[in-house]
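Comments concern the structure below.
Computed from a prediction, not measured in an experiment: that's the story for all the values here. Sequence positions, counted from 1, serve as the residue numbers for this chain. Heavy-atom basis, side chains included; hydrogens, waters and symmetry copies ignored.
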Amino acid sequence: ATFSGGASTLTNGKIVITGNFTQNTTATSFTASGLHKTRFLGTTPTISFANPTTSSFGRLELQSSGIVNFTTDVLTTGDVWVQTGGPPSITNAGGTVTIGGALYDSTGGRWQVANTTMTGAGPLPRSMNTNLTITGALTLTDSVKLSAGNNLAITAGNLTLGGHYVKVPGNFSTSGA
């Protein structure tokens with residue numbers, strides 16, 4: 001699916017994509033609210049945004065049977081649901097995926113995106129292979145373990161542990177308001 005022209009504002013409803021996804025040319029050619037669902041069912045979809053700060057997914061559902069690859073930065077205004085097969089499932093080459101809601105992965109360990117920024121309230125999966133930045137007010141509903149070498153930064157946000165823990169094998173930093 002390629003979104004190149006005009007301005008789209010997608011609210012309620014769902015788009016099911018069985019192949020790759022490309023947003024290019026017009027800065028707002030794919031803009032979905034948190035209630036709109038984009039579901040990927042393809043074997044190994046590639047997802048790219050030319051304008052990842054002005055075009056975005058609402059709720060993103062990844063039901064691929066193979067590796068899902070983000071080739072650029074990606075923004076979601078809602079939740080991300082990882083419903084794919086065994087790891088590795090979700091990857092990127094060094095970009096950032098910004099999530100405005102929660103990140104769900106009941107198996108754990110399949111979110112292997114280089115950098116994840118959480119602006120939403122959570123929750124998070126128990127196991128993640130990502131450098132995690134929290135810029136919103138995130139509350140844990142379970143303990144979280146980052147994989148070896150991954151960092152946690154809380155920048156202008158806050159993290160409520162709620163009796164749980166975060167295992168950070170890399171660096172931990174806080175900054176901002």
Contacts of L161 that satisfy side chain to side chain contact (heavy atoms under 4.5 Å, CB included) - sequence neighbours left out: L140, L159, V166
Test side chain to side chain contact (heavy atoms under 4.5 Å, CB included) applied to H36 and I15, T31, N12, the passing residue: I15
Inter-residue atom distance T46.OG1 - N20.CG, 0.5 Å rounding: 4.5 Å
Closest heavy-atom pair and its distance - T77, A32: OG1-O, 3.3 Å
Cluster link V74 to I17, ILVMFWY, side chain under 4.5 Å: yes
Heavy-atom closest contact (G58 atom, T76 atom, distance): O-CB, 3.6 Å
D73 versus T96, closest heavy-atom pair with distance: OD1-N, 2.7 Å
Side chain to side chain contact (heavy atoms under 4.5 Å, CB included) assessment of T116 paired with I99: CA-CA 7 Å; T116 303; I99 301 173; 4.0 Å; yes
Pair listing, salt bridge (charged side-chain N to carboxylate O under 4.0 Å, His left out) test, anchored in residues 52-66, at least two apart: R39-E61, R59-E61
Beyond-backbone contact of F40 with V68, side-chain heavy atoms, under 4.5 angstrom: no
Shared hydrophobic cluster for L62 and L41 (ILVMFWY, side-chain gaps under 4.5 Å): no
Under 3.5 Å: donor-acceptor pair, side chain of N92, backbone of N69: no
Short side-chain to backbone donor-acceptor contact, T26 and T28, under 3.5 Å: no
Whichever hydrophobic residues join L75 through chains of side-chain contacts under 4.5 Å: none
Pairs meeting criterion salt bridge (charged side-chain N to carboxylate O under 4.0 Å, His left out) with involvement of residues 9-29, two or more places apart: none
Residue list, side-chain hydrogen bond (donor to acceptor under 3.5 Å, both in side chains) with S4, at least two apart or on another chain: N24
Non-neighbouring partners of N151 that pass side-chain hydrogen bond (donor to acceptor under 3.5 Å, both in side chains), sequence neighbours left out: N131
Side chain to side chain contact (heavy atoms under 4.5 Å, CB included) involving T160 - partner list, sequence neighbours excluded: T139, N158
F21 ring center within less than 6.0 Å of F3 ring center: yes
Path from L138 to F172 over hydrophobic side-chain contacts below 4.5 Å: yes
Value rounded to 0.5 Å, distance of OG in S89 from CD in Q83: 11.5 Å
Shortest non-hydrogen contact between G122 and A102, atoms and distance: O-CB, 3.1 Å
Would you tabulate the side-chain donor-acceptor contacts of residues 50-57 under 3.5 Å, counting partners in other chains and residues two or more places apart, or write 'none'?
from : atom 1 : to  : atom 2 : distance (Å)
N51  : OD1    : Q23 : NE2    : 3.0
T54  : OG1    : A27 : O      : 2.6
S55  : OG     : A27 : O      : 2.7
S55  : OG     : S29 : N      : 3.4
S55  : OG     : F30 : N      : 3.3
S55  : OG     : F30 : O      : 3.3

L152 and its side chain to side chain contact (heavy atoms under 4.5 Å, CB included) partner, picked from V144, L132, N171: L132
Pairs touching residues 91-108 that satisfy salt bridge (charged side-chain N to carboxylate O under 4.0 Å, His left out), sequence neighbours left out: D105-R110
Closest non-hydrogen atom pair, T44 against S64: N-OG, 4.1 Å
Nearest-0.5 Å distance, CG of residue L103 to OG1 of residue T130: 9.0 Å
Euclidean distance, M118 CE relative to L124 CG, rounded to 0.5 Å: 5.0 Å
Transitive ILVMFWY side-chain link L10 to L35, under 4.5 Å: no
Heavy-atom closest pair, residues G95 and A114: O-CB, 4.0 Å
Residue pairs involving residues 136-150 (criterion salt bridge (charged side-chain N to carboxylate O under 4.0 Å, His left out); sequence neighbours excluded): R126-D142
Any pair counted as ring pair (Phe, Tyr, Trp, His ring centres under 6.0 Å), so long as it reaches residues 96-147, sequence neighbours left out: W81-Y104
Nearest-0.5 Å distance that lies between atom NZ in K167 and atom OG in S147: 9.5 Å
Partners passing ring pair (Phe, Tyr, Trp, His ring centres under 6.0 Å) against Y165 (at least two apart in sequence or in another chain): none
